[in-house]
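Step one of this worksheet: look at the structure below.
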Amino acid sequence: MSDLFEEAEAAAELKRLAEEIARHNRLYHSEDQPEISDADFDALIRRNAELEAKYPHLVRADSPAVQVGAAPAGHLAKVPHAAPMLSLDNAFSDEDVADFVGRVRRFLNLGEGAEVALTAEPKIDGLSCSLRYEKGVLVLAATRGDGTTGEDVTPNARTVADIPERLSGKAPDVFEIRGEVYMAKADFAALNKRQEAEGGKIFANPRNAAAGSLRQKDAAITAARPLRFLAHGWGEVSELPGETQCDIMHAIAAWGLPVSEDFQRFTDMDALIAHYRAIETKRADLPFDIDGVVYKIDRLDWQKRLGQVARAPRWAIAHKFPAERAQTTLNAIDIQVGRTGKLTPVARLEAVTVGGVTVTNATLHNADEIGRLGVRPGDRIVVQRAGDVIPQIVENLTAGEDRPPYVFPDHCPECGSEAVREEGEVDVRCTGGLICPAQRVERLRHFVSRHALDIEGLGLVHIEAFFKDGLLQSPADIFKLKKGVLLSRERWAEVSAQNLIDAIDAKRTPPLDRFLFALGIRHVGEVTARDLARRYRSLEALREMVARALAVREEIQPTPAEPERKYVQRRDKAVVAVIDTPNIGPEVANAILDFFDEPHNREVLDDILASGVAVQDVVHETRQSEVSGKTVVFTGSLETMSRDEAKAQAESLGAKAAGSVSAKTDLVVAGPGAGSKLKKAEELGIRVISEADWAAIVAGAS
Ligand code: IVH
């Protein structure tokens with residue numbers, strides 16, 4: 001019914017799963033403090049595998065299947081890194097690179113004319129690995145892990161042809177060579193072909209294949225995989241054979257490890273950028289995947305002075321390549337109907353490969369976007385893919401051709417009701433409300449979704465089937481489902497039926513905020529639902545308030561001489577005053593009242609409560625700490641918790657978690673890879689702390 005929504009949701013869920021699984025892995029392996037049972041953990045892994053199988057193009061670089069599935073958790077021993085393995089800040093434009101050089105010059109207090117030499121080499125899309133040589137002999141190979149602790153993959157690394165057992169010539173007592181383990185594109189394709197023939201795991205991309213192959217318990221499997229290695233730096237060393245990045249990379253090459261053929265030193269910025277462009281041009285022809293060019297300050301004494309911010313060095317930056325694009329034909333524009341009746345156009349494309357991934361759908365957002373691009377079925381277009389977002393159409397190559405424009409439907413394709421675009425709105429909506437099957441199904445799906453009631457095992461396929469057969473019409477029906485009815489249906493067996501019934505029963509006492517979010521009230525997202533729950537604490541108190549607000553809205557009538565606008569303002573102000581909840585203004589207030597004013601919605605709500613659902617009151621108090629009442633921004637990747645958890649912690653301390661840095665920000669918590677937000681915080685002189693500092697504040701709250 002709405003595969004694009006489904007895709008967006010799948011992408012979001014895959015992200016959450018990656019974070020959640022990573023967290024549980026950490027709790028289990030690093031902290032020996034698991035929070036969930038092995039069976040629950042396996043269920044997360046299975047859910048991830050299901051979604052990955054259904055949406056292979058959404059498989060993430062940090063897919064838990066690679067992190068966990070290929071090398072069953074716990075098989076690899078943990079090893080602390082003698083020197084942390086850092087990540088890199090990104091530059092997305094030539095200006096960003098110039099800014100980077102400018103920052104370095106200012107930091108080092110260099111005069112205008114002082115020469116700054118930089119090295120440049122491709123950024124390989126693989127996984128980093130640290131090879132420790134003692135007296136020239138390989139003694140340890142470790143993955144990056146969390147940067148502080150990695151996994152011991154020594155026997156596996158020994159099977160990689162590019163990694164010598166002994167360094168040639170005279171090497172220092174201790175020298176850790178760091179670089180990227182990767183798989184060449186051709187080897188990846190051949191491996192997948194072989195895996196397919198043998199019924200083995202199919203890898204989403206060369207990076208995942210490399211990670212999955214290196215992180216094996218059985219080194220014989222790694223040996224059978226065509227892995228390569230390219231050195232790009234070093235970790236702990238007893239002695240450095242030179243004074244510049246170039247010197248050391250030459251020494252590493254002389255010891256017998258591969259260094260990029262495109263490694264070069266530049267003092268002229270134009271030449272540096274020309275090198276970047278040259279590498280970009282030959283990117284597709286390179287035998288392996290790269291995603292940018294890494295620049296490093298050549299002088300090691302300067303690297304030392306520059307040091308690092310959060311988890312990235314100040315002396316290096318990754319100049320990323322822009323999103324990948326391809327040309328294809330727009331075959332059709334389909335319209336999908338969402339939970340609130342919003343009509344979303346989806347572009348159906350002639351299949352095309354964009355950066356190694358086959359694309360057949362792209363988002364068109366809304367009618368205005370179609371107008372802006374001037375696209376019609378049959379047009380040649382340019383489609384773009386960036387990161388794990390849904391592909392977008394960025395250009396119409398046949399815009400000028402004399403053909404009539406696409407006409408956006410004025411009726412809902414699902415129920416035939418009129419579809420209208422209200423003044424000031426960008427979206428066209430179906431007016432069918434609850435007679436529209438698409439909206440009803442979407443509402444049910446929203447009700448059980450992860451951030452709402454989170455009922456596991458009740459996916460779209462089941463909802464659609466149950467809806468079609470009249471088994472599920474409104475959310476209350478979920479709680480009336482009987483095992484016997486499930487068993488009478490095709491493909492339901494004792495275990496699966498019991499699992500679903502158990503999953504539903506487990507959610508009969510939802511917290512107030514989740515329940516409010518699940519109702520799908522327009523404009524009431526998770527944050528507003530939480531604000532309302534905090535303010536009213538129980539569903540009864542909230543409904544009493546709504547009844548009062550509705551009475552006020554009815555009562556306030558225009559006075560004879562009053563202009564409409566003034567009257568609406570006066571009425572809205574009174575309503576907002578009754579709702580009296582932080583961040584809730586007239587638009588949200590009216591949406592809440594409209595929802596409860598609709599008799600059908602009240603019936604559904606009462607029906608849910610009558611079917612054995614007891615919404616939990618809010619009992620927790622916010623704890624006091626130095627951040628109470630402050631605005632906090634989390635940026636970069638967090639290592640010990642998900643972003644959701646970090647936000648929840650902030651809120652439990654009475655702080656507000658904001659998405660962007662501004663003059664109103666009091667504190668920035670920066671993890672590895674923090675980019676523009678960190679930069680802005682530094683510019684504004686805002687206090688920046690690490691994740692560990694944050695954890696200390698949380699632990700210390702009273
Ligand atoms: S230097 C201290 N050079 O990219 C700087 N990293 O996004 C550490 N990578 O974890 C890395 N090619 O795994 C460097 N030529 C290159 C690289 C490279 C790929 C990876 C590396 C690092 C990640 C950071």
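As a basis for the values below, the full set of heavy atoms in this structure was taken, side chains included, without hydrogen atoms, waters or symmetry mates. Start at 1 and go down the list; that is how both ligands and their atoms are numbered.
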Of the choices Lys296, Lys123, Gln303, which has the non-hydrogen atom that lies closest to atom 3 (N) of ligand 1? Lys296
Counting heavy atoms only, which part of Ala316 comes closer than 4.0 Å to ligand 1: side chain, backbone, both or neither? neither
Can you tell me which residue and heavy atom of the protein come closest to atom 17 (C) of ligand 1, and the distance to 0.1 Å? His232 CD2, 3.3 Å
Polar atom proximity, Trp315 to ligand 1 (N or O, under 3.5 Å): no
Looking only at protein heavy atoms, what sits closest to atom 5 (C) of ligand 1 is Leu88 CD2, 3.7 Å
How far is atom 2 (C) of ligand 1 from the closest protein heavy atom, and which atom is that? Pro313 CG, 3.5 Å
If the cut-off is 4.0 Å to any non-hydrogen atom of Leu86, which atoms of ligand 1 fall inside it? 2 (C), 8 (C), 10 (O)
What is the nearest protein non-hydrogen atom to atom 9 (N) of ligand 1, stated with its residue, atom name and distance? Glu180 OE1, 3.5 Å
Does ligand 1 have a heavy atom under 4.0 Å from the side chain of Val294, from its backbone, from both, or from neither? side chain
Using a 4.0 Å heavy-atom cut-off, say whether Pro122 meets ligand 1 through its side chain, its backbone, both or neither. backbone
Would a distance-only check, ignoring hydrogens and angles, find a side-chain to backbone donor-acceptor pair under 3.5 Å from Lys320 to Ser93? no
For ligand 1, which atoms sit closer than 4.0 Å to a heavy atom of Ser128? 10 (O), 13 (O)
Considering only NZ, NE, NH1 and NH2 on the basic side and carboxylate oxygens on the acidic side, decide whether Glu236 and Arg132 come within less than 4.0 Å. yes
Salt bridge Glu151-Lys78, side-chain N to carboxylate O under 4.0 Å: no
Do you see a donor-acceptor pair shorter than 3.5 Å between the side chains of Arg144 and His81? no
Classify the ring geometry between Phe321 and Tyr276 as parallel (under 30°), tilted (30 to 60°) or perpendicular (over 60°). tilted
Test: Asp187 and Arg228 ion pair at under 4.0 Å: no
Checking a contact table here: which protein heavy atom is nearest atom 19 (C) of ligand 1, and how many Å away? Ile124 O, 3.2 Å
Salt-bridge criterion met for Glu121 and Lys296 (N-O under 4.0 Å): yes
Considering only heavy atoms of Glu121, which atoms of ligand 1 have at least one such atom less than 4.0 Å away? 15 (N)
Salt bridge Lys135-Asp173, side-chain N to carboxylate O under 4.0 Å: yes
I'd like to know if the side chain of Gln303 reaches the main chain of Arg299, judged simply by a donor and an acceptor atom lying under 3.5 Å from each other, with no hydrogens or angles considered. no
